[in-house]
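Fair warning: this is a prediction, and the values are worked out from it, not measured in the lab. Each chain gets a letter, A, B and so on, in the order the sequences are listed, and its residues count up from 1.
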4 protein chains.
Amino acid sequence: MPGKLAQLKPACTSPAAPANTTPAPDWCGRYREVRQASVALAEDLTPEDCALQSMPDASPIKWHLAHTSWFFETFVLEQTQPGYRHFHPQYRVLFNSYYVAVGERHPRPERGLISRPSLDDIQRYRVHVDLAMQRVLQKTASLDPALLGLITLGLHHEQQHQELMLTDLKHLLSRNPLKPAYRPLHPTVGHAATALSWIHYPAREHHIGVNAAPGEFIFDNESPRHRVFNEGYALASRLVTNGEYLAFIADGGYTRAELWLSEGWDVAQAQRWQAPLYWEKPGADWQHFTLAGMQDIDPAAPVYHVSYFEADAYARRAQARLPSEAEWEAAAAHCPLDGNFAEYNNLRALAATPGAHHTPQQLYGDVWEWTQSAYAPYPGYRAAPGAVGEYNGKFMVNQYVLRGGSFATPRSHIRASYRNFFPAAARWRFSGIRLARP
Amino acid sequence: MPGKLAQLKPACTSPAAPANTTPAPDWCGRYREVRQASVALAEDLTPEDCALQSMPDASPIKWHLAHTSWFFETFVLEQTQPGYRHFHPQYRVLFNSYYVAVGERHPRPERGLISRPSLDDIQRYRVHVDLAMQRVLQKTASLDPALLGLITLGLHHEQQHQELMLTDLKHLLSRNPLKPAYRPLHPTVGHAATALSWIHYPAREHHIGVNAAPGEFIFDNESPRHRVFNEGYALASRLVTNGEYLAFIADGGYTRAELWLSEGWDVAQAQRWQAPLYWEKPGADWQHFTLAGMQDIDPAAPVYHVSYFEADAYARRAQARLPSEAEWEAAAAHCPLDGNFAEYNNLRALAATPGAHHTPQQLYGDVWEWTQSAYAPYPGYRAAPGAVGEYNGKFMVNQYVLRGGSFATPRSHIRASYRNFFPAAARWRFSGIRLARP
Amino acid sequence: MPGKLAQLKPACTSPAAPANTTPAPDWCGRYREVRQASVALAEDLTPEDCALQSMPDASPIKWHLAHTSWFFETFVLEQTQPGYRHFHPQYRVLFNSYYVAVGERHPRPERGLISRPSLDDIQRYRVHVDLAMQRVLQKTASLDPALLGLITLGLHHEQQHQELMLTDLKHLLSRNPLKPAYRPLHPTVGHAATALSWIHYPAREHHIGVNAAPGEFIFDNESPRHRVFNEGYALASRLVTNGEYLAFIADGGYTRAELWLSEGWDVAQAQRWQAPLYWEKPGADWQHFTLAGMQDIDPAAPVYHVSYFEADAYARRAQARLPSEAEWEAAAAHCPLDGNFAEYNNLRALAATPGAHHTPQQLYGDVWEWTQSAYAPYPGYRAAPGAVGEYNGKFMVNQYVLRGGSFATPRSHIRASYRNFFPAAARWRFSGIRLARP
Amino acid sequence: MPGKLAQLKPACTSPAAPANTTPAPDWCGRYREVRQASVALAEDLTPEDCALQSMPDASPIKWHLAHTSWFFETFVLEQTQPGYRHFHPQYRVLFNSYYVAVGERHPRPERGLISRPSLDDIQRYRVHVDLAMQRVLQKTASLDPALLGLITLGLHHEQQHQELMLTDLKHLLSRNPLKPAYRPLHPTVGHAATALSWIHYPAREHHIGVNAAPGEFIFDNESPRHRVFNEGYALASRLVTNGEYLAFIADGGYTRAELWLSEGWDVAQAQRWQAPLYWEKPGADWQHFTLAGMQDIDPAAPVYHVSYFEADAYARRAQARLPSEAEWEAAAAHCPLDGNFAEYNNLRALAATPGAHHTPQQLYGDVWEWTQSAYAPYPGYRAAPGAVGEYNGKFMVNQYVLRGGSFATPRSHIRASYRNFFPAAARWRFSGIRLARP
């Protein structure tokens, strides 16, 4: 079967938990589960689907599959396994994303110029790395915490790339005039739109961020825990819907400069934005390209593929604003970590559940929520030493924080303190809008 | 004398303050003083100096002189003087900077394509506006506060453009291979560099921003006053000096990617930065282009013409960081509004005064200080209604806040809560570095 | 075997030539032979090799395979077969190259964004078209000459794309840091470089161009036959060699502005040319990327992958010039149509045969020879009516004529009057240098 | 009077011609006359008019005035006057246009960044050069012919820049929303459009080009005289008129891709051409910006400010083509050197004179006529040795030849063999259309 990636076989036996003890974390199982999820995402794709790059911001699926393996090879196997044999000596350069400390890199906009290694080669590369990692993981009891930290980082890194695989694939397929579908959609219960209400939060001092407990994983950008003062505010009870956004468009949202930030207006004019990315109007009604091909727009479902600029303009017309990340986190810290996550395979955002709610709905999953907060270090932030320290800190400029994860985010990957970040003009990510107001 | 702008004659008599009353503000005098300062800046310039535009970010001097007059014509005279006769019907478009609500604008990058109106014409335009404004100002006692607010805004707006005139002129002259001087420098007392010490501030809640009292002027972006929580921090006792920055360069500051934000590194590579803007190394030593032509670099004077990216990289190497704007304002609120301002005509930043100090020196004047804070609305911020509401709010994205004013800022224009903002890559403004650390 | 294209089976029986008559042209055989040659070129390639586009000027192999089929579908099957069923309704847009009269086109720089149809789909598309064409070709005796002309044009068009397939594939593989080989080289007899001599031609009037005889195929740009006057000139006895070009480089050929056309110098500086395209200097010596991977440079073989600008600069240093196309054709008209053509599968240009020669060697095959002639219509030129009239005429500006074919040109495709044309800065085609002088 | 250039006083006495001898050429008078014409063109301009640069292709008037003086300083005074004192040491770099052999150059797109030297400085520079040249010219009897050749070249060079001054000034003024006029137009006799007829020329061999006789001046690109063969052709009796071009527009000339060269269509789309440069349609009718401001379009006058692409598209719709330069020259060689030249100060092209004509009208003056000939060296062409050899030859690529001069060309500057050349997309020159056909 051309283009299929082999299923990773259960490779190491789960440690049997002795009676009456805290069960040791199942490192082998966790590793296998995350790695397998990447392979499963590419299962129905052709070698060509996996090789193409549709824009400099996106990467080929093949590259994602290789780069996530490169991470383990470079930061775990190379560092800890004397005599580790590289699968291919040049992959070190070829699949380095941006780690300057690791050495030379293949330029990002040229990731789509690499017809070889083939998808089959990359599959073999993954197996090669997995087998070596298996040998490492069987000895986790004796591994030092720093190494376990790197392995955990590698797994969370891979989960980030799983979301990117869907993000980038959607962009690629959208550029094809045949508008091919990735997969058919699961049928879901269709809710009508629920009325938007406001949840109020009084002015007070909060702690946000996290200081990682031993064995707990967080990204360095989530720490340290520190104090902020939030003046009183309210959050919308749910995400902005397609139906509401259609009203924004109908009301001249894309033609009224006074609603927009100046830079946003310039970008919107230059790129001729008239609706969210992937929206088209072949006839009287807007449709949008989805992972299941062109579809009608569900007015009750959350709008997404909007930039910070569009989210901000929408909020301005609604006499509201975007929440700050401190406001969002203070609210989310008390909400169950529950939502429309990658594990449900819905491949799209869904309408909010009707009914009365005392906390905001859809905080987790569905779509990433733009905040008005520029991505910046927390007071006392320190990047990790060495190459992995390049993971987060060096992007802390001209980006805006998004919170909460999306339908393409694994549940095991997200939490209240999690900080994602995109440039203000980015639209190809699964980004939507929650309103706030004083 | 070609190219000279007429001195504005005292045009309205200062109101005589009756005994035993609070003297009424001298609106005529204040107007005359600010307007005259603009004219004085251009006094030694040729028509050609005033007509050229050296890059899209900069504007011709002639345009600054006209646009500041346009502001009074459009927001005061047009609105309040029935039958006001425009000096020229097309100036309304020609000298609109970015006020979409006012109507059509001449494109910014084409401001340097306008050989006519000549500098003489613009001079006559200024006189025309001043005479009409004089008639308005003579009746200030009966004017409504909103109009007085607009007049005050117009004067502060003109002061901002006075600083821009020097900024833009310096850029233009720098592009000339003949490296012409604007004016000779005043001799000043040359201080040696003083040692840098740290002033510590404990963790606590602060109020920052201002709610304007009646008759008090602030820009809308400084309000409302609100609470923030600053974790404990320290500020450097003075600005980073040229001598310190030379050490940064010598230590590979421009060649070590690990010191830089990722986007900053890309910009620095693409634009081949090797030193601050205007620095050149014709022989063994760096020199810099100044408003007095090419000059040796004073190691004790503050470094400036650095971008946010350079300021951040410098701080990282120094194991420090940039202050947040809340940290800066909390410290500055208790310092005297004193420094090397435009009124002293020094035309450059000067070395800090030696001696022991319990508060940071050079907070005001000398050079604008980059903060690590993205320019964003304060909680509860509302833009002013109408076209003047476009003044600040619509630029609140992808810009960083600078504080404290420079040697080109009038003292009467600056205060602790004043927020300036430039893009992270901007270098042609008078921007320097103050360090902070936990 | 994924990615292999099916071999086209002999699909129609060759007409048996009755005794004592001129044998009818074997249309079926000729069609099969040309179509099969395209498939054979892609035989060893992976689906990924065939899907990627390395620059806007180049196209994916898959696109070449589809577009050449589209040509027959659009200009033969659609026009002549009532009820012809298209393989896919959207291929008409997807695989149109530039024929405005045919309707909408998919943008050229986006040919590499089409992961689907897959290579397998394109293979099926080819078979679908071939079967339909077979039905047409079995009736060639009754076909009108215009239709036969279109079929012949389609075959020559496909031969042009066969050369482009190698040209574009070479560019793609060259961008891969792994420097993969397309195929290994046949061993050949290695000649040492022969001395360059000059063949002289007296001043006289010539006829150039062709008026096609019935049944003879030429491109419209080769006609009409017309008179030119050539002043006396001499042509070099062979192509410029790599060895000679190395001397040009060593002599500062890429650093001496006086050797270059002004525009050429600007391009060379902007693109940092230091040698022909694909040349690299990993150590002390230049190597070049070839269809067989990185190889040492054979000093006796012709230099190629040079632009018009480089050819012109080389000639200027040699106190010579490039020939005009009239000079070239006048000389070639009397030479045998013989040379290193695609049929020999050498995949590269070869050294000239040693010995005394009275006519220029290597006129045909090896590398396309830049002439100094801009590509222009011959006096009396008329483009063909309809969409095929867009084939040649609309490119007659800012291009330079090349003559003689290359090692990737089929022998059956070339002739003395054949006019190829590239922009002066193009280097990814198989273009080399022959000198001329008065 | 600011901005006025001093009139050059008669500086050297004309040599008295002795009786019975051929009068010696009046070098002083000729020099004075040409130099004075440049000054006269700038007479009514302000310093600002003379300082601005509206696009990289155009230069400031001040630059033209300086560069033409630089030419004499560099190629005559420096070379021949030991101890010649330069007016300013840096002008050598500042006012070099493109002569690589002379040394460093100031970049062309930055000519508009030079506010100093002022227009007054340049005026003094001209006087300085003129006084030195006067000393040279008083000794012409004893000067060697090479030097006299350089002086003559300098005068012709200056005449070329006189035309460019008007060309560039028109572009600058056109970018000003106030649409200022350079000078009012002279009234002229308004002719109605005359019918277009065809003048036929039989097929035959011609000589074109010139071998300069002693004392005769030609540019190097006009030589050597050589043979060409022209197949039979016809030339239009007059230039294409605005009225005819309006019909082309009305007939969809700018929306029908089939009329255009492929590259021309792309340029026209990218730059949104809908009419010749400077044409605007504020109401129901087209108007055009002229040196006298916005004016109605005279349907009988020749169309100009069209690119090669537009000229070619117009010709294609008219079932005609552009003439080759050999066809044009063969016809013009027998026509009187007569037409609407710069000396008449008409500042625009004029309608052809009605009546019967046996030779084409308007061949000289009015507008430059695009030919279909790419600019290339004549057989046997040799560039002049040294820096002046950079005058012509290095531009012989991707440009098209124009013939005949324009209303801005001095009569003493033009002749039948004169070859002008612009890129195919250029529209800011005074370029129009004459049709040809077989």
Next on the checklist: Test: side chain to side chain donor-acceptor pair (under 3.5 Å). Region: residues 50-65 of chain B. Which pairs qualify, not counting sequence neighbours?
Outcome noted: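 Counting only pairs at least two positions apart or across chains, the side chain to side chain donor-acceptor pair (under 3.5 Å) contacts touching residues 50-65 of chain B are B/S54-B/H171, B/S59-B/R111, B/H64-B/H161, B/H64-B/D168.
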Next on the checklist: Does any backbone or side-chain atom of D/L94 lie under 4.5 Å from a heavy atom of chain B? Answer side chain, backbone, both or neither.
Outcome noted: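 Just the side chain, heavy atoms under 4.5 Å.
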Next on the checklist: With rounding to the nearest 0.5 angstrom, report the NE2 to CG distance, D/H106 to B/N176.
Outcome noted: 7.0 Å
Checklist entry - Highest number of heavy-atom pairs under 4.5 Å with chain D: which of B/Q90, B/R116, B/R175? => result B/R116
Checklist entry - Does any non-hydrogen side-chain atom of D/L113 lie less than 4.5 Å from one of B/L52? => result no
Checklist entry - Should B/P47 and D/L119 count as side-chain neighbours, where that means a heavy-atom distance under 4.5 Å? => result no
Next on the checklist: Report, in residue-number order, which members of residues 271-289 of chain D are under 4.5 Å from chain B by heavy-atom distance.
Outcome noted: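 Within residues 271-289 of chain D, near chain B: nothing under 4.5 Å.
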Checklist entry - So, does B/E48 use its side chain to make a donor-acceptor pair with the main chain of D/I114 at under 3.5 Å? => result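 Flag not set: sc B/E48 to bb D/I114 has no pair under 3.5 Å.
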Next on the checklist: Below 4.5 Å, heavy-atom pairs only: which of D/S118, D/P177, D/A51, D/P180 has the largest tally toward chain B?
Outcome noted: D/P177
Next on the checklist: So which atom in D/S115 and which in B/L173 form the shortest heavy-atom distance, rounded to 0.1 Å?
Outcome noted: OG-CD2, 4.2 Å
